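Ligands are counted one by one from 1 in listed order, and the atoms in each one are counted from 1 as well. Quick caveat, the model's predicted, so the values are computed rather than measured.
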Amino acid sequence: MSPFLCVIFLLCLSTLATATKFDQVYEWDELDYEWPAEANRTKSLIDGTFKPEEMSPLYMAVFGSRLFLSLGSYNGIPVSLVTVPTSSTSTKNPKLTPFPSWDLHDYGKEGDCNKIEVAAGLQVDSIGRLWVLDSGSSECKAKLWIIDLINNDHTKLIHQFVFRNWMHDLVLDETADGTFAYISRWGESHIVVFNLKRKRSWMVYTPPKIQVISIAISPNLEEPRKLYLGKWISEEVYSISAATLRSGLTRRVKPKLIGKWKTTDPYRMLIDNQGTMYSAFVFSNNTQSWNTSQPFQAQLFHEDEAAGLDSLFPFTIALDQNESIWLTVEHERSQKPRYRLLKVAVGEKSNDVLPGLPYSHLN
Ligand SMILES: *[C@@H]1O[C@H](CO)[C@@H](O)[C@H](O)[C@H]1NC(C)=O
Ligand SMILES: *[C@@H]1O[C@H](CO)[C@@H](O)[C@H](O)[C@H]1NC(C)=O
Ligand SMILES: *[C@@H]1O[C@H](CO)[C@@H](O)[C@H](O)[C@H]1NC(C)=O
Ligand SMILES: *[C@@H]1O[C@H](CO)[C@@H](O)[C@H](O)[C@H]1NC(C)=O
């Protein structure tokens with residue numbers, strides 16, 4: 001590249017970098033619930049069933065004026081699915097409201113398979129239904145819930161799977177023949193397909209060396225739709241056709257390697273309507289993006305100097321109906337605030353420069 005082009009290019013990058021505007025919506029020093037009474041909170045703190053310092057957001061979905069989070073922890077987390085409003089006059093330490101209610105969670109009722117046990121991946125479909133993966137427990141199989149957000153949060157346990165544990169993320173494929181969910185489990189060499197119309201689920205196996213972590217789907221407007229798979233302990237991204245999964249006849253697929261992120265373990269990937277894919281990585285202080293209409297090329301989307309490198313999953317990412325991006329950031333344990341919720345407004349998305357990393361378009 002000529003020095004002249006290089007100067008132009010750097011100028012362009014700095015313009016782009018300043019164009020990305022992340023507005024802070026909330027910050028939390030500590031996560032806490034809206035408890036029925038202070039006595040419940042005190043009791044749970046004392047008996048160790050509630051350990052606020054152990055809780056962290058793992059999945060997020062946004063619909064209308066509500067934001068939903070699945071919380072992860074090894075223990076000490078009474079309720080794993082909560083909601084907060086998308087805006088409030090008070091931006092510090094908003095309380096998390098158990099969703100859809102305290103009563104639909106297994107807190108104090110462990111082993112009740114009709115309750116939400118361990119909420120994982122979240123998605124909202126085009127008619128305002130929140131799909132919630134639930135990993136189950138040693139007593140209960142993994143499950144799928146559908147909560148109708150525009151109909152009084154009517155909640156239905158839609159399916160019980162034949163397996164338990166390791167539920168991670170899902171994407172939805174709304175077709176003329178009904179809605180399908182494609183589900184990834186932590187590090188498993190398969191994806192789970194669920195057909196809503198027939199209320200059936202089955203596994204589709206990838207080769208043993210392709211252990212899947214994250215899953216993303218190309219925009220609905222595009223046919224054939226593609227599924228993208230992020231590989232466990234790897235930078236690699238693979239793709240397969242969504243259509244081959246719908247019939248239920250295909251039980252083995254050979255995903256195609258399409259590229260590599262700059263960082264390993266892309267635990268969360270998602271694609272907006274413009275076809276830009278975003279990804280977050282284990283123990284990494286950045287999120288990256290790729291324009292899926294172009295050959296694979298990772299760009300920095302956001303780098304956060306406070307993102308905790310002691311956090312396994314420092315970010316959660318979601319898109320709302322207006323195509324704004326929502327991001328939670330977890331900081332190091334010793335820091336305050338410990339968590340922040342950021343929003344990138346529509347039309348203000350662009351890529352920053354990923355420092356110190358080579359970019360193929362520079363060559
Ligand atoms: C709160 O405490 C009351 C009284 O002990 C109890 O009946 C109720 O189940 C508790 N609720 C929660 C969510 O802990
Ligand atoms: C999307 O935009 C509409 C119209 O401006 C607004 O009413 C709605 O609250 C927005 N949704 C979100 C999640 O911000
Ligand atoms: C992605 O790439 C395509 C093809 O080069 C281009 O037309 C489109 O504007 C790009 N999208 C974004 C969001 O930059
Ligand atoms: C992100 O982490 C890397 C180390 O992995 C560090 O070199 C870099 O400075 C960090 N970025 C920011 C903005 O703090």
Side-chain angles (χ1 to χ4, degrees), residues 12-13 15-17 19-20 22 32-52 76-82 95-110 112 115-116 218-219 221-222 235 258-259 261-265 270-278 280-312 314-315 319 323-325 327 329-332 335 340 342 344-357 359-361:
C12 288
L13 283 179
T15 325
L16 282 177
T20 312
F22 292 86
D32 199 356
Y33 301 97
E34 196 75 70
W35 291 85
E38 187 57 29
N40 296 84
R41 182 175 182 277
T42 312
K43 178 176 174 290
S44 307
L45 276 172
I46 292 169
D47 68 18
T49 52
F50 170 48
K51 294 181 183 150
I77 150 170
V79 162
S80 56
L81 180 63
V82 296
K95 292 275 169 55
L96 311 174
T97 306
F99 188 77
S101 65
W102 277 100
D103 199 47
L104 274 156
H105 287 265
D106 72 336
Y107 189 50
K109 314 175 193 84
E110 284 75 11
D112 184 342
K115 304 284 179 186
I116 299 173
S218 62
L221 322 160
E222 266 171 41
E235 294 90 359
I258 51 159
W261 294 112
K262 307 284 181 188
T263 308
T264 59
D265 266 328
L270 82 171
I271 304 179
D272 69 14
N273 270 342
Q274 267 66 56
T276 303
M277 186 190 288
Y278 303 89
F281 306 88
V282 165
F283 288 127
S284 169
N285 59 5
N286 71 61
T287 56
Q288 295 167 30
S289 68
W290 161 48
N291 179 342
T292 60
S293 312
Q294 297 175 5
F296 195 97
Q297 176 186 292
Q299 306 248 20
L300 180 74
F301 177 62
H302 178 57
E303 187 170 68
D304 199 300
E305 79 271 1
L309 295 176
D310 59 357
S311 164
L312 202 48
F315 299 96
L319 287 164
E323 292 279 297
S324 294
I325 294 185
L327 209 65
V329 188
E330 179 172 348
H331 299 164
E332 284 182 30
Q335 286 199 7
R340 289 191 297 148
L342 306 174
V344 186
V346 193
E348 286 172 354
K349 283 179 239 167
S350 69
N351 297 309
D352 282 322
V353 195
L354 192 49
L357 292 176
Y359 278 88
S360 45
H361 62 279

Trp102 heavy atoms within 4.0 Å reach ligand 1 at atoms 13 (C)
Check your understanding: Is there a donor-acceptor pair under 3.5 Å between the side chain of Gln288 and the backbone N or O of Trp261?
Key -> no
Item checked: N or O pair under 3.5 Å between Gln294 and ligand 3 -> yes
Taken in chain and number order and not counting sequence neighbours, the residues that satisfy side-chain hydrogen bond (donor to acceptor under 3.5 Å, both in side chains) with Asn40 are none
Report task. May I ask you to decide if Glu38's main-chain N or O and Thr42's side chain share a donor-acceptor pair within less than 3.5 Å? Result -> yes
Original post:
Are any of the N or O atoms of Thr276 closer than 3.5 Å to those of ligand 3?
Top reply: no
- Query: Closer than 4.0 angstrom: is that true for some heavy atom of Gly108 and an atom of ligand 1?
  - Reply: no
ask   = Under 3.5 Å, is there a donor-acceptor pair between the side chain of Thr97 and the main chain of Glu34?
value = no
Side-chain (His105) to main-chain (Phe99) donor-acceptor, under 3.5 angstrom: yes
Exercise. Just checking, is any N or O donor in the side chain of Asp103 or Ser101 under 3.5 Å from an acceptor N or O on the other one?
Worked result: no
May I have the N/O to N/O pairs between ligand 4 and the protein that fall below 3.5 Å, each with atom names and distance to one decimal?
residue	atom	partner	partner atom	Å
ligand 4	2 (O)	Asn285	OD1	3.3
ligand 4	2 (O)	Asn285	ND2	2.3
ligand 4	11 (N)	Asn285	ND2	3.0
ligand 4	11 (N)	Glu303	OE1	3.4

Practice task
Say whether Asn40, considering both its backbone and side-chain N or O atoms, lies within less than 3.5 Å of an N or O atom on ligand 1.
Solution key: yes
Given 3.5 Å as the limit, does a donor-acceptor pair link the side chain of Asp106 with the main chain of Lys109, or not?
no
- Specify whether Tyr33 and Phe50 have parallel, tilted or perpendicular ring planes, treating 30° as the upper limit for parallel and 60° as the lower limit for perpendicular. tilted
